[in-house]
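Because the structure is a prediction, the values reported are computed rather than measured.
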Amino acid sequence: MSNKCCCNERSHYFDKFDEIMAKYEGKEADLIPILQNIQEAYGYLPQDILDELCNRTGLHPSQVMGVATFYSQFRLKPTGENLIKLCFGTACHVNGAEKVAEALADELKIEVGGTTEDGRFTLETVACLGCCSLAPVMMIGDETYGRLTPDKARKIIRGFYENRGE
Amino acid sequence: MRIGVSNMGKGEYKIIVGLGSCGIAAGGNKVYEAFKEVVGKSDVPVTLDETGCMGMCYKEVLVEVIDPDGKSMIYGEVTPEKANKIFESHVIEGKPVVEWIVKADDMQTSEDSFFNKQMRIVLRRCGAINPESIDEAIAMDAYKAIEKAIKTMTPEQVIEEVLNSGLRGRGGAGFPTGMKWKFARASEGTKKYIVCNADEGDPGAFMDRSVLEGDPHAVIEGMMIAGYAIGADEGYIYARAEYPLAIKRLKIAIKAAEERGLLGKNILGTDFNFKIKIKEGAGAFVCGEETALLASIEGKRGMPRMRPPFPAVKGLFDKPTNINNVETYANVPYIILNGASEFAKYGTEKSKGTKVFALAGKIAKGGLVEVPMGIPLKEIIYDIGGGTSSGKKFKAVQMGGPSGGCIPADLIDTIIDYDSVNQTGAIMGSGGMVVMDEDNCMVDIARFFLTFTQKESCGKCTFCRIGTKRMLEILERITKGEGKEGDIELLEELCENIKKNSLCGLGQTAPNPVLTTLKYFRHEYEAHIRDKKCPAKQCKALIEYKVVEDKCKGCTACSRVCPVKAISGEVKKPHKIDSSICTKCGACMATCKFDAIIVE
Ligand SMILES: Cc1cc2nc3c(=O)[nH]c(=O)nc-3n(C[C@H](O)[C@H](O)[C@H](O)COP(=O)(O)O)c2cc1C
Ligand code: FES
């Protein structure tokens with residue numbers, strides 16, 4: 001994204017950012033909502049946008065990076081096309097989430113936290129998705145998959161590659 | 001379930017689909033769409049609606065059908081196919097599909113035991129109203145308590161009532177709510193804030209989310225009453241970022257209340273003003289701690305600070321602030337409307353009212369349950385929860401999440417109140433209750449929680465930052481079979497020091513999962529360290545998968561499912577597992593139909 005050189009395109013790149021900044025005064029208390037908006041618009045927190053944020057608000061880079069790295073929601077790198085959120089909450093843990101994680105990591109040939117080479121999946125773990133009665137649970141995009149077994153999890157991924165989505 | 005809804009068409013069937021997070025995860029939206037389609041095609045007038053969590057998460061997707069005469073029946077485990085059948089049979093032909101019914105007004109079902117011992121105060125409207133309809137909430141008494149408070153009571157009287165009710169904070173520590181309000185009222189200053197802690201950090205708990213999703217008005221009204229009591233005109237709800245549905249419904253509820261003049265200036269014609277803003281958290285467990293939460297609202301890194309000064313004196317933007325938990329606020333309207341003594345009727349001497357629990361883990365009937373304080377743990381696990389889901393022996397229940405501990409099967413007669421639970425070494429916490437059976441390794445559970453707290457430690461104080469790290473290393477070593485003599489003692493020493501010297505509750509309580517498992521399951525630690533055995537057969541480094549030759553039929557199912565090709569053997573002859581290749585994923589055991597694979 002940052003290798004766009006044409007000035008015109010570059011200015012479009014900042015359009016979404018401009019829209020976000022128009023909604024806020026840019027005070028310290030707005031920092032977290034602004035970062036959340038940036039992440040929603042760009043999928044992660046691009047460095048050039050963060051630089052621009054510091055320029056416009058006068059917030060110090062250390063302050064912005066301090067907040068961006070403190071909270072686990074914020075990402076400094078883009079994710080794959082499909083974000084897998086595998087629940088590592090207590091209910092999922094006692095029902096075997098770790099085995100599901102191993103199966104997913106093996107199937108996708110990545111570590112937890114990583115993105116597949118083809119850019120299709122990023123595997124993340126989260127704490128409790130709030131549907132503990134379906135444990136172990138994962139979400140891929142907005143879809144929830146419950147009562148997982150290692151085998152079922154592998155099949156779901158294969159389903160994506162076979163384009164069935166299930 | 002739905003009682004007294006004013007806008008219900010008379011003489012019509014009403015179909016209500018449970019669309020809390022759990023319902024949606026189980027496929028609720030597809031069921032809703034299926035009903036929408038058949039209702040659209042039919043000439044029979046039917047109202048289709050949605051509601052929040054009805055509590056029986058283990059039977060999701062839940063659908064309630066209300067007959068024209070007002071009789072209610074709830075169907076469980078509904079799928080789009082079943083939806084068609086229910087519509088055909090129940091609505092068109094007037095013949096309910098009895099075998100799928102899990103709860104009904106005039107019929108007993110096998111699931112009645114789930115509700116019999118419950119008592120609903122906080123959840124009084126959850127699953128009974130459409131959470132996006134303020135009218136339905138008002139028809140069930142929403143905003144009557146704030147009206148009573150601002151029109152007929154002084155702030156002091158409101159505080160007195162809450163004090164007399166004996167309500168204690170539901171966020172974990174159980175501090176008397178009325179007392180907290182009194183301090184905030186007494187603080188000097190004209191600008192004060194109300195904050196609602198909806199950060200719900202305990203991984204494995206979803207009470208607050210269900211309340212926000214099912215009845216956001218209860219929380220809004222509770223905050224307003226608190227605002228009136230302490231003299232605040234502004235409130236913040238700090239909600240976990242992972243709760244998009246709760247946030248959406250809160251926004252709808254706040255907007256509706258503003259439009260009705262229930263929030264804003266000169267509320268209900270009085271000179272009471274109150275507005276509410278939502279702040280979304282960004283994923284940090286420590287932000288559940290009140291001073292960290294305030295820092296986060298202010299846009300800073302969520303790091304706790306020393307108290308005093310307490311938030312009641314110096315809180316949000318340095319102004320006096322009252323912070324309570326979601327469930328605490330949701331109790332308040334009931335207390336004001338029905339009187340302190342009505343509330344205090346339930347519970348024990350020092351713990352009044354009810355408590356909501358998220359019952360999960362290896363439990364047959366997991367879900368959201370609200371019980372009167374004083375109920376024995378046994379009744380929650382067996383009478384309501386139906387025992388373990390695996391049918392295996394119940395081993396322990398974890399209460400209070402990363403700050404809590406495990407209560408073993410021997411102590412199942414413990415009654416639910418703050419002090420009795422504390423005596424076991426666990427804490428009441430915010431209401432997570434995760435059940436474990438004999439297949440769960442208690443050292444592994446301790447390691448699990450330490451992994452969590454270690455990751456979530458904000459790093460400000462040394463004991464928490466480094467102490468939890470060292471504890472985690474020891475626990476990892478033990479579960480890997482590399483434990484040494486002296487490890488238990490070292491753990492105990494670290495626990496002691498971290499508890500004593502940490503700045504905030506996160507560090508002070510982080511050792512609890514280790515301390516309680518050491519107290520009740522020390523033999524498991526010893527087995528790992530001395531015998532290099534995991535009694536629950538869970539810790540990978542200490543187990544081996546084996547084929548029982550007599551039982552193996554040579555069906556080859558296991559060798560086909562093995563992801564690393566560790567199983568070999570000829571068709572119809574006993575197979576063998578090469579333990580040098582085996583990754584102990586358990587796939588073979590799950591596949592074998594003849595119980596021919598065992599773990600040793
Ligand atoms: C590490 C840590 C995490 C906490 N997480 C929560 C939480 O998720 N929700 C909550 O209501 N209280 C949480 N608390 C307790 C709050 O600090 C505070 O006591 C509570 O919000 C007060 O409300 P109450 O009096 O209504 O219980 C947490 C405390 C600590 C130390
Ligand atoms: S612990 Fe996984 S959904 Fe709650």
Quiz prompt | Most contacts with chain B, counted as non-hydrogen pairs under 4.5 angstrom, among A:L31, A:V94, A:L59, A:V137 | solution = A:V94
Self-check item: Structural part of B:R209 lying under 4.5 Å from a heavy atom of chain A
Solution: side chain
Exercise. Let me know if A:E98 has heavy atoms under 4.5 Å from chain B in its side chain, its backbone, both or neither.
Key: side chain
Quiz item: What part of A:L129 gets closer than 4.5 Å to chain B, counting heavy atoms only: side chain, backbone, both or neither?
Solution: backbone
Self-check item: Contact leader toward chain B among A:Q73, A:E102, A:Q36, where contacts are heavy-atom pairs under 4.5 Å
Solution: A:Q73
Quiz prompt | A:E52 and A:R56 ion-paired at < 4.0 Å | solution = yes
Self-check item: A:E28 portion near chain B, given a 4.5 angstrom heavy-atom threshold
Solution: both
Quiz item: Contact part of B:T591 toward chain A, heavy-atom cut-off under 4.5 Å: side chain, backbone, both or neither?
Solution: neither
Quiz item: Relative to chain A, which segment of B:V564 carries a heavy atom at a distance below 4.5 Å: side chain, backbone, both, or neither?
Solution: neither
Exercise. Salt-bridge test for B:E234 and B:K277: reply yes if a basic N is under 4.0 Å from a carboxylate O, no otherwise.
Key: yes
Quiz item: Who wins among A:P150, A:C131, A:G130, A:A135 for the most heavy-atom pairs under 4.5 Å with chain B?
Solution: A:G130
Quiz item: What heavy-atom pair brings B:K565 and B:I581 nearest, and what distance separates the two atoms?
Solution: O-CD1, 4.4 Å
Self-check item: Option that, when pairs with chain A are counted at under 4.5 Å, heavy atom only, ranks first among B:G459, B:A590, B:G281
Solution: B:G281
Quiz item: If you measure from the Lys or Arg side-chain nitrogens to the Asp or Glu carboxylate oxygens, is any gap between A:R154 and A:E107 under 4.0 Å?
Solution: yes
Practice problem: Would you mind checking which part of B:K365 comes under 4.5 Å of any heavy atom in chain A, side chain (CB onward), backbone (N, CA, C, O), both or neither? | Solution: neither
Quiz item: Is atom CG of A:D142 surrounded by more than 12 heavy atoms (other residues, nucleotides or ligands) closer than 6.0 Å?
Solution: no
Quiz prompt | Sole residue of A:T115, A:T79, A:T116 in side chain to side chain donor-acceptor pair (under 3.5 Å) with A:T122 | solution = A:T115
Self-check item: Salt bridge flag under 4.0 Å for residues A:D30 and A:K23
Solution: no
Quiz item: Among side-chain atoms of B:Y58 and B:E111, is any donor-acceptor pair under 3.5 angstrom?
Solution: yes
Exercise. Measure A:T149 against the heavy atoms of chain B and call it side chain, backbone, both or neither at under 4.5 Å.
Key: neither
